[in-house]
Amino acid sequence: MAEDRKVYSIKEDNLGEVKIADEVVTIIAGLAATEVDGVSSMAGNITNELVSKLGKKNLAKGVKADIIDRCVTVELALNIAYGYAIPEISAKVQEKVKTAIETMTGLEVNAVNVRIASVDMENSR
(Lines give C-alpha, C1' and ligand atoms only; values in the text may rest on other atoms or scores of the structure.)
Protein backbone atom coordinates (compact mmCIF):
# COMPACT_ATOMS: atom_id res chain seq x y z
CA MET A 1 0.00 0.00 0.00
CA ALA A 2 1.08 3.58 -0.52
CA GLU A 3 2.94 5.11 2.39
CA ASP A 4 0.85 8.30 2.53
CA ARG A 5 -2.47 6.49 3.00
CA LYS A 6 -3.99 5.96 6.39
CA VAL A 7 -5.30 2.43 6.89
CA TYR A 8 -7.83 1.22 9.42
CA SER A 9 -8.48 -2.25 10.74
CA ILE A 10 -12.11 -3.20 10.23
CA LYS A 11 -11.89 -6.87 11.19
CA GLU A 12 -9.50 -9.05 13.13
CA ASP A 13 -10.02 -12.66 14.07
CA ASN A 14 -8.28 -16.04 14.00
CA LEU A 15 -8.21 -15.96 10.16
CA GLY A 16 -6.37 -12.66 10.03
CA GLU A 17 -6.95 -8.95 9.73
CA VAL A 18 -8.83 -6.82 7.21
CA LYS A 19 -7.67 -3.23 6.71
CA ILE A 20 -9.00 -0.51 4.42
CA ALA A 21 -7.42 2.73 3.27
CA ASP A 22 -9.17 5.97 4.22
CA GLU A 23 -9.54 6.67 0.51
CA VAL A 24 -11.86 3.64 0.23
CA VAL A 25 -14.34 5.32 2.58
CA THR A 26 -14.26 8.55 0.55
CA ILE A 27 -14.83 6.66 -2.72
CA ILE A 28 -17.80 4.79 -1.21
CA ALA A 29 -19.25 8.10 -0.01
CA GLY A 30 -18.73 9.76 -3.42
CA LEU A 31 -20.34 6.89 -5.31
CA ALA A 32 -23.31 6.73 -2.94
CA ALA A 33 -23.87 10.50 -3.12
CA THR A 34 -23.80 10.63 -6.93
CA GLU A 35 -26.37 7.82 -7.13
CA VAL A 36 -29.02 10.11 -5.59
CA ASP A 37 -31.33 11.65 -8.18
CA GLY A 38 -30.75 15.41 -8.23
CA VAL A 39 -27.02 15.27 -7.44
CA SER A 40 -25.20 16.40 -10.57
CA SER A 41 -21.68 15.70 -9.32
CA MET A 42 -19.29 16.07 -6.47
CA ALA A 43 -18.00 19.64 -6.24
CA GLY A 44 -14.88 20.08 -8.30
CA ASN A 45 -15.44 16.63 -9.74
CA ILE A 46 -16.47 14.79 -12.84
CA THR A 47 -20.03 13.75 -13.62
CA ASN A 48 -21.19 10.21 -12.89
CA GLU A 49 -21.28 9.30 -16.60
CA LEU A 50 -17.54 9.91 -16.94
CA VAL A 51 -16.61 7.75 -13.96
CA SER A 52 -16.32 4.58 -16.03
CA LYS A 53 -13.93 6.28 -18.48
CA LEU A 54 -11.73 8.15 -16.03
CA GLY A 55 -11.83 5.86 -13.00
CA LYS A 56 -13.46 5.83 -9.60
CA LYS A 57 -10.51 7.43 -7.81
CA ASN A 58 -11.77 10.89 -8.86
CA LEU A 59 -14.91 10.35 -6.77
CA ALA A 60 -12.85 10.97 -3.66
CA LYS A 61 -12.66 14.66 -4.65
CA GLY A 62 -15.21 16.73 -2.80
CA VAL A 63 -15.29 14.19 0.04
CA LYS A 64 -13.45 14.21 3.35
CA ALA A 65 -13.73 11.38 5.85
CA ASP A 66 -12.36 11.43 9.39
CA ILE A 67 -12.15 8.03 11.06
CA ILE A 68 -11.56 7.86 14.80
CA ASP A 69 -12.08 4.64 16.79
CA ARG A 70 -14.15 2.98 14.02
CA CYS A 71 -16.46 6.03 13.84
CA VAL A 72 -16.66 8.06 10.63
CA THR A 73 -17.55 11.70 10.02
CA VAL A 74 -18.01 12.56 6.35
CA GLU A 75 -17.93 16.00 4.71
CA LEU A 76 -19.39 16.20 1.18
CA ALA A 77 -19.40 19.07 -1.30
CA LEU A 78 -22.09 18.57 -3.96
CA ASN A 79 -23.41 20.18 -7.10
CA ILE A 80 -27.22 19.92 -7.24
CA ALA A 81 -29.33 19.95 -10.39
CA TYR A 82 -31.63 22.96 -10.69
CA GLY A 83 -35.26 22.28 -9.75
CA TYR A 84 -34.62 19.83 -6.91
CA ALA A 85 -35.39 20.61 -3.26
CA ILE A 86 -32.03 20.98 -1.52
CA PRO A 87 -33.20 19.81 1.95
CA GLU A 88 -34.82 16.72 0.42
CA ILE A 89 -31.83 15.80 -1.74
CA SER A 90 -29.41 16.44 1.14
CA ALA A 91 -31.37 14.13 3.46
CA LYS A 92 -31.36 11.38 0.81
CA VAL A 93 -27.61 11.81 0.31
CA GLN A 94 -26.96 11.65 4.05
CA GLU A 95 -28.95 8.44 4.43
CA LYS A 96 -27.50 6.77 1.32
CA VAL A 97 -23.90 7.62 2.27
CA LYS A 98 -24.39 6.47 5.87
CA THR A 99 -25.94 3.17 4.79
CA ALA A 100 -23.29 2.50 2.11
CA ILE A 101 -20.33 3.10 4.43
CA GLU A 102 -21.80 1.11 7.32
CA THR A 103 -22.83 -1.81 5.10
CA MET A 104 -19.60 -2.03 3.12
CA THR A 105 -17.06 -1.37 5.89
CA GLY A 106 -18.69 -2.19 9.21
CA LEU A 107 -17.64 1.23 10.51
CA GLU A 108 -20.16 3.43 12.33
CA VAL A 109 -21.08 6.75 10.71
CA ASN A 110 -21.53 9.57 13.23
CA ALA A 111 -22.35 12.35 10.77
CA VAL A 112 -22.66 13.09 7.07
CA ASN A 113 -22.31 16.84 6.58
CA VAL A 114 -23.42 18.14 3.18
CA ARG A 115 -22.34 21.42 1.59
CA ILE A 116 -24.05 22.51 -1.61
CA ALA A 117 -21.32 24.10 -3.73
CA SER A 118 -23.40 25.03 -6.74
CA VAL A 119 -26.60 24.54 -8.74
CA ASP A 120 -26.20 22.88 -12.13
CA MET A 121 -28.45 24.41 -14.76
CA GLU A 122 -27.57 21.81 -17.43
CA ASN A 123 -28.95 18.85 -15.47
CA SER A 124 -32.21 20.51 -14.42
CA ARG A 125 -35.60 18.82 -14.21
Side-chain angles (χ1 to χ4, degrees):
M1 277 191 231
E3 295 295 322
D4 59 340
R5 287 184 176 179
K6 293 180 185 174
V7 292
Y8 301 92
S9 179
I10 60 171
K11 180 181 173 267
E12 189 172 355
D13 58 21
N14 60 343
L15 292 176
E17 186 177 25
V18 178
K19 292 183 177 184
I20 61 170
D22 56 354
E23 186 178 11
V24 171
V25 176
T26 61
I27 291 170
I28 292 168
L31 279 169
T34 57
E35 288 176 354
V36 174
D37 190 36
V39 176
S40 294
S41 62
M42 302 303 297
N45 198 357
I46 57 177
T47 60
N48 212 15
E49 295 84 47
L50 297 175
V51 170
S52 59
K53 293 179 185 173
L54 300 176
K56 291 180 175 60
K57 190 172 183 178
N58 287 327
L59 281 171
K61 292 181 181 175
V63 183
K64 181 182 176 214
D66 292 319
I67 305 169
I68 300 170
D69 296 329
R70 298 183 49 86
C71 294
V72 183
T73 300
V74 180
E75 306 280 336
L76 297 167
L78 306 175
N79 298 320
I80 299 292
Y82 178 79
Y84 287 85
I86 291 173
E88 190 177 304
I89 298 302
S90 297
K92 287 179 183 177
V93 166
Q94 288 171 314
E95 189 56 41
K96 186 144 185 130
V97 168
K98 180 182 188 312
T99 300
I101 291 172
E102 289 180 346
T103 301
M104 293 181 73
T105 68
L107 297 170
E108 180 184 337
V109 176
N110 284 343
V112 178
N113 300 313
V114 176
R115 179 177 61 86
I116 306 303
S118 72
V119 177
D120 184 1
M121 298 302 287
E122 291 180 24
N123 292 322
S124 61
R125 281 189 173 182

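Please read these numbers as outputs of a predicted model, since none were measured by experiment.
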For this session: Determine whether Ile116 and Ser90 make a side-chain contact, defined as any pair of heavy atoms from C-beta on separated by less than 4.5 Å.
Result: yes
Exercise. Is the count of non-hydrogen atoms from other residues, nucleotides or ligands lying under 6.0 Å from Asp69 atom CG greater than 12?
Worked result: no
Exercise. Is the backbone N or O of Tyr8 less than 3.5 Å from a side-chain atom of Arg70, with the two atoms forming a donor-acceptor pair by type?
Worked result: no
Exercise. For Met42 and Gly62, which heavy atoms make the closest approach, and how far apart are they?
Worked result: CE-O, 3.7 Å
Exercise. Should Val114 and Leu78 be marked as a side-chain contact (heavy atoms from CB on, under 4.5 Å) after you check the CA-CA gap, both sets of side-chain angles, and the distance that decides it?
Worked result: CA-CA 7 Å; Val114 176; Leu78 306 175; 3.6 Å; yes
Problem set entry | Sole candidate of Val25, Ile10, Ile28 that passes side-chain contact (heavy atoms from CB on, under 4.5 Å) when paired with Met104 | Ile28
For this session: Flag the pair Leu107 / Glu102 as yes when at least one side-chain heavy-atom distance between them is below 4.5 Å, and no otherwise.
Result: no
Exercise. Does the side chain of Asp66 come under 3.5 Å of the side chain of Thr73 through a donor N or O and an acceptor N or O?
Worked result: no
Exercise. Can you tell me how far the CD1 atom of Ile101 sits from the CD1 atom of Ile67, to the nearest 0.5 Å?
Worked result: 8.0 Å
Seminar exercise, completed: Note: Gly38 and Ile89 closest approach over all heavy atoms is CA-CD1, 4.2 Å
For this session: Would you confirm whether Thr26, through its side chain, and Glu23, through its main-chain N or O, come within 3.5 Å as a donor-acceptor pair?
Result: yes
For this session: Return the minimal non-hydrogen interatomic distance between Ala33 and Val97, and the atom names on each side.
Result: N-CG2, 3.9 Å
Problem set entry | Closest non-hydrogen atom pair between Ser118 and Asn79, with its separation | OG-OD1, 2.7 Å
Problem set entry | Test item: Leu76 and Val112 side chains (from C-beta on) under 4.5 Å apart, heavy atoms | yes
For this session: Report yes or no: does Thr103 contribute a side-chain atom to a donor-acceptor pair with the main-chain N or O of Ala100 at less than 3.5 Å?
Result: no
Problem set entry | Pairwise distance CD(Glu12) to NZ(Lys19) - rounded to 0.5 angstrom | 8.5 Å
Exercise. Should Asp120 and Ile80 count as side-chain neighbours, where that means a heavy-atom distance under 4.5 Å?
Worked result: no
